[in-house]
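Keep in mind it's a predicted model, so treat the numbers as computed, not measured.
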Amino acid sequence: MQAPLNFGPAEQTTDQRREIANRALAVTVEEANHAKAELMALYDRYIAGEVDLYAISIHVGEATRQRLFELLNDE
C-alpha cells in the first residue's frame, strides 16, 4: 500500500511544484559543479603526490569509492 502524498501549502499546483523542482535542480547542478571543481583539485593534488586516494574517496559516493580502490588492485 502506497503512503498518501503530502504536499505543503507551497506545493499545491503543478506550477508551484514545477517552480520548486526547477529551483531544486538548479541547486543540485550548482552543488555538482562545485563538487566537480573540488574533486578535480583533489585529483591534481593526488597526481602531485600531496594527497592519497583515500582523501579523494571521502568526497565521492560508495560505488565510486569502490571503483577507485579497484584501480590500485588492477596493477
For residues 39-49, tabulate all N or O donor-acceptor pairs below 3.5 Å that involve a side-chain atom, not counting sequence neighbours.
unit_1, atom_1, unit_2, atom_2, d
Arg45, NE, Glu50, OE1, 3.2

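Among residues two or more places apart in sequence or in another chain, the side-chain hydrogen bond (donor to acceptor under 3.5 Å, both in side chains) test is passed with Arg17 by none. For the side-chain hydrogen bond (donor to acceptor under 3.5 Å, both in side chains) test, residues two or more places apart in sequence or in another chain that qualify with Gln66 are Glu62. When the side-chain hydrogen bond (donor to acceptor under 3.5 Å, both in side chains) test is applied to Asp15, the partners found at least two apart in sequence or on another chain are Arg18. In terms of the salt bridge (charged side-chain N to carboxylate O under 4.0 Å, His left out) criterion, Arg67 has no residue partners (sequence neighbours excluded).
The CD atom of Glu11 sits 8.0 Å away from the CG atom of Asn6 when rounded to the nearest 0.5 Å.
Ala55 approaches Val51 most closely through the heavy-atom pair CB-CB, 3.8 Å.
Among residues at least two apart or in separate chains, side-chain hydrogen bond (donor to acceptor under 3.5 Å, both in side chains) pairs with a member in residues 24-42 are Glu38-His59.
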